[in-house]
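Below is one structure, written out as structure tokens; the observations come after it.
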Amino acid sequence: MRIKMNAVAAATAMVLGTLSTAANANLVITEYIEGSSNNKAVEISNVGGSAIDLDANAYKLILFSNGKTEPGNTEILAGTLEPGKSLVFHNAGSADDFKVGNASTVTYFNGDDALVLTKDDVVIDRFGKLGEDPGSAWTDPNNADFSTANKTLRRKASVTTGDTDAGAAFPSGDQWVVFDTDTSDGLGCVGEGACSSEATPGVLLLTEYIEGSSNNKAVEISNVGGTAIDLDANAYKLILFSNGKTEPGNTEILAGTLEPGKSLVFHNAGSADAFKFGSASTVTYFNGDDALVLTKDDVVIDRFGKRGEDPGSAWTDPNDANFSTANKTLRRKDSVTAGDTVAEADFPGANNQWAVFDIDTSDGLGCAGESACDGSVTPPEPEPETGPCTNCETLTPVADPTTFNGEIYYSDVLSGDFANADELKNALSIIIAKDHKYLTYKQVWSTLTHADQDPTNVNNVIEIYTGASISKYDNQQSGSGAGKWNREHVWAKSHGFPSDSQWGYTDAHHLRPADPGINTARSNNDFGACSDTGEEVQFDGQGTGNYLNKTTDCWEPRDEVKGDVARMIMYMDTRYQGTDTATTNMPDLVVVDRLTTTDEDSDPLIGTLCTLYAWNKLDAVDTFEQNRNNQVYKYQGNRNPFIDRPELVQEVYGAVCGDDPNPGLVVEGDIVTPESVTEGAAYTIDASAINAGEGVVLTYKWEQIVAEEKTVVGDIAILSLTAPMINADETLNFTLTISDGTLETTKAVSLNVINVPLTLSVEFAGTTKVTEGDNTSITATVADAPEGTSYSWKQVSGNTAVFTATGLTLDVTSPSVDIDQVLVFELTATVGEESFVKSVSIEVTNTEETGWTKPDGAGSLGGLMTLLLPLMWWRRRQG
């Protein structure tokens, strides 16, 4: 027998797995802050001696809340972490002192929540005990000061390997130094002490420029200061100004964190392999007569060349015959520690800051300084492009779109009879869930290269918000996103599914290629009409047609994809109904007709429904979207029904957005009905006051509803009926269908019928006083007895008598009695299921034995006789 684990159990088993220390001894959790309010942060550091490529494996920091074993909010680690360097994740609502590194929902912890650090789903370190809720905090019996609530904890410097048993008691050994609540001065650096404040600020400079033969062109930007530069905290751009122009040309937006002494390199995609360091970028489409300007928040912080001047073929230096900006490699001199901030000044100026090297020299790329890189930074060998994009796998199809038959796929809907839109949507959800194959987040890259392929260039994909065509191999793997594309969650993943273990996170039907900068601008904002109130989003210095209102957190995409967005959101709302949570780990996603609030950022909600509904009409399904549906179907196995059958949008969402596919007649006026009616009484229900406007002739159909059956009971405005006879109070239900000949509407009416208990007037005739042993006959008379009344008799008290009963007549032979007594008989009259009971009594007199007389009570003899009387009486009766 094969035993199968469900998805949650399998995921938990993977997370709980252990790993030998040698597998990754360098990456550990080095600081944990659980302070007042939202002052929460966690630090992960490389305490080893070599850099860690976090993109080479799946590194995750996972939050497990309140003793749960199901993964919660998750942070996927990316980039390269140098020895002695740290990644910090803070709560977005924390005080400024804690806002080191990146904001992350993985910090939504309290003192009783566990954090687990994994590599390829295997535990490499942990904080807290997985599967345990300690109450308010974990404490240490050997250290009264230790607590995981309201404390800052730093890993001791002696700890160089992770704690890989996530289910063990916590804390495990003496690994943590305790600091007071809200201590933040250690964030961002490894060690038990506070971070040094003596380091010089980060300084961003252009440090190398290569204009070689053919396409051998590259530019290097380095941090020559003493502290890291958060390139996401401001708008850092490298801009190309061609042929003396002052209008910005190709632009690279810098992103990520640049540590001291580290560099970003951008190369021409057509260059030789020796120059392919860093990222390919169109900002390298320069010749010797083009200027480069480095800006921070649109303010010049460095430049190469003179903006607004075309020097001919190159800028040269009259004091250095070897200097030229064409056919040379130029490196910034080590002595330069500040940028050249006047972009329109002469270049290279009287104080030339550049060391000159021969054409096609590339051995200095990737490290700051005048010399060649010493080997600690070696340009990587280009990886063979075996998949459809960089570091992507080739997928095996799971469905064949060429044989797809919509009549069969949607047959349960096309042949179904649904009472309302919710029933229809539920039926669609079942259809599109049936053959849905879960994709990994890495497999999404490959899927998008097929689904979003540029129809005019098979080597490119189309970005959703810019409409730009970009090489499939320029998918962002790490570092700067400029000139790259990444995976945009159209239904923002923070709205209900922050973990890649949840199927919505990797559902390709709503994932699209996007420019990273535009993706960041969109953030997790709702969709809405905000072009009049927001600002147009720029790309490469040009408007994109997308609008953002930061005040209301509203995003309006360009017109060309508004329908695409609408149908993707409606797909997600329909696919994930919360009915297959055990499989998908997904909540019930709901698209609401409003912009959601900040407090609802993590709720499974998104807006704005009826705006999206209007966009669906504005931007109809086109061949690109149809092909996209086919390609996702090919690799994921299910389809978007609103692309295959656009009419379903109105069927599912039309009624709530004022576009009911089955509009009803609009009428005014009320139906007059009695509050209640007694059984058997006549009554009327009057709808004559209802009208649909002057001159509109209405017809009526009254139906009574009993269980699931409907019976027509009238066809005029006033319904006249008689209440039925009932055994208990009962509610009658009616529907009135009103029609003007084209449209109709239905109204419901209920009426309470009051039961009246059965009451009859009964008189008895006959002898009711008899001597024991005598016969008597009693006859009952019932006034106004209903037709069909039946009668029965029974004795209810007294010595048992022999009797017969026929209808209303009772014949009784009185029993022997010891003393006088009364016999009681009941007559029950039954009408249908109701009955009425009336009793009659017959007095039976005891007969004294012959020869016996009652003694008088005189004298002593009389007294004696009185005492003996009970005994004598007993003997007589025995005789």
Side-chain angles (χ1 to χ4, degrees), residues 76 78 232 235 237 251-256 279-282 388-392 439 441-455 457 459-495 497 500 504-527 534 536-540 542-548 553-569 571-572 606 615 619 624-625 628 631-632:
I76 299 174
D232 298 309
K237 300 177 186 176
T251 300
E252 188 72 32
I253 300 173
L254 311 188
S279 304
S281 173
T282 59
C389 49
T390 301
N391 196 29
C392 296
L439 295 174
Y441 201 38
K442 182 178 181 180
Q443 288 172 334
V444 170
W445 284 121
S446 303
T447 305
L448 298 190
T449 64
H450 300 290
D452 293 273
Q453 178 175 291
D454 184 346
N457 185 345
N459 297 314
N460 286 14
V461 291
I462 299 294
E463 294 177 341
I464 182 171
Y465 297 131
T466 65
S469 179
I470 184 171
S471 170
K472 293 178 179 179
Y473 288 93
D474 283 339
N475 52 310
Q476 184 185 10
Q477 297 294 290
S478 62
S480 168
K484 302 290 184 179
W485 62 275
N486 62 15
R487 297 157 292 187
E488 154 74 332
H489 290 83
V490 175
W491 185 302
K493 61 181 182 291
S494 63
H495 287 250
F497 43 94
D500 65 357
Y505 194 104
T506 64
D507 192 324
H509 277 297
H510 84 117
L511 283 153
R512 297 289 290 266
D515 174 78
I518 305 298
N519 193 353
T520 299
R522 187 259 158 140
S523 185
N524 66 348
N525 296 322
D526 285 0
F527 296 101
E536 187 173 12
V537 180
Q538 302 294 301
F539 176 70
D540 278 349
Q542 304 294 322
T544 60
N546 303 282
Y547 290 85
L548 172 63
D553 291 337
C554 167
W555 177 268
E556 181 173 343
R558 60 194 180 98
D559 289 346
E560 293 81 0
V561 295
K562 282 180 174 173
D564 302 52
V565 167
R567 289 178 283 273
M568 285 186 282
I569 294 295
Y571 161 84
M572 294 292 284
I606 203 166
W615 291 351
D619 174 32
F624 182 87
E625 200 175 356
R628 188 176 199 283
Q631 294 304 312
V632 175

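- Here the straight-line distance linking atom CG of D452 with atom CD1 of I462 works out to 8.5 Å at 0.5 Å rounding.
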Point to revise | Verdict with reasoning, Q443 to T506, per side-chain contact (heavy atoms from CB on, under 4.5 Å) | key: CA-CA 9 Å; Q443 288 172 334; T506 64; over 6 Å; no
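- At distances below 3.5 Å, at least one donor-acceptor pair connects side-chain atoms of R558 with backbone N or O atoms of I464.
- Using a 4.5 Å heavy-atom threshold, the side chains of N460 and Y473 count as separate.
- Residues T447 and L439 have side chains in contact (heavy-atom distance under 4.5 Å, counting atoms from C-beta outward).
- Proximity of H510 to H489: side-chain heavy atoms (C-beta onward) are separated by under 4.5 Å at one or more points.
- Annotation: the span from D526 atom CG to E556 atom CD amounts to 13.5 Å, rounded to 0.5 Å.
- Counting heavy atoms from C-beta outward, D559 and D619 have side chains that stay 4.5 Å or more apart.
- Here the CG-OG1 distance, from N486 to T520, works out to 7.0 Å after rounding to the nearest 0.5 Å.
- V537 has its side chain within reach of W555: a pair of non-hydrogen atoms, C-beta onward, lies under 4.5 Å apart.
- Side-chain atoms of S523 do not come within 3.5 Å of backbone N or O of N525 as any donor-acceptor pair.
- Note: T544 OG1 to I518 CD1 = 5.5 Å, rounded to the nearest 0.5 Å.
- For the pair P516 and Q476, the tightest heavy-atom approach, listed with the atom from each and the gap, is CG-OE1, 3.4 Å.
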Exercise for review: Step by step, work out the side-chain contact (heavy atoms from CB on, under 4.5 Å) result for Q477 and K484.
Suggested key: CA-CA 9 Å; Q477 297 294 290; K484 302 290 184 179; over 6 Å; no
Practice item. Dump the intermediate steps for side-chain contact (heavy atoms from CB on, under 4.5 Å) on F497 and W491, then the final yes or no. Key: CA-CA 10 Å; F497 43 94; W491 185 302; 3.5 Å; yes
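- The list of salt bridge (Lys or Arg N to Asp or Glu O under 4.0 Å) pairs with a residue in residues 513-522, not counting sequence neighbours, reads E488-R522.
- When side chains are defined from C-beta on, M568 counts as touching R512, because their heavy atoms get closer than 4.5 Å.
- Qualifying side-chain contact (heavy atoms from CB on, under 4.5 Å) partners for A255, counting only residues two or more places apart in sequence or in other chains: D232.
- Taking every heavy atom of both residues into account, G534 and Y547 meet most closely at O-CD2, 4.3 Å.
- At least one donor-acceptor pair under 3.5 Å links the side chain of N546 to the backbone N or O of Y465.
- Of all heavy-atom pairs between L448 and R628, the closest is CD2-NH2, 3.5 Å.
- For the pair T251 (side chain) and D540 (backbone), a donor-acceptor distance under 3.5 Å is absent.
- Note that CZ of F624 is 9.0 Å distant from CD of Q453, once rounded to the nearest 0.5 Å.
- Across every non-hydrogen atom of C389 and S446, the tightest pair is SG-N, 4.2 Å.
- You'll find the side chain of T390 stays beyond 4.5 Å of the side chain of D474, heavy atoms only.
- Side-chain atoms of H509 never come within 3.5 Å of backbone atoms of V632 as a donor-acceptor pair (strictly under, hydrogens ignored).
- Defined by atom type and a distance below 3.5 Å, a donor-acceptor pair is present between the side-chain atoms of D454 and S469.
- With contacts defined as side-chain heavy-atom distances shorter than 4.5 Å, the pair N475/R487 does not qualify.
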Point to revise | Worked check of side-chain contact (heavy atoms from CB on, under 4.5 Å) between F527 and V490 | key: CA-CA 9 Å; F527 296 101; V490 175; 3.7 Å; yes
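- Put simply, the side chain of W485 gets close to the backbone of S471: a donor and an acceptor are under 3.5 Å apart.
- Other residues, nucleotides and ligands contribute at most 12 non-hydrogen atoms within 6.0 Å of the NZ atom of K237.
- A521 and L548 get closest at one heavy-atom pair: O-CD2, 3.6 Å.
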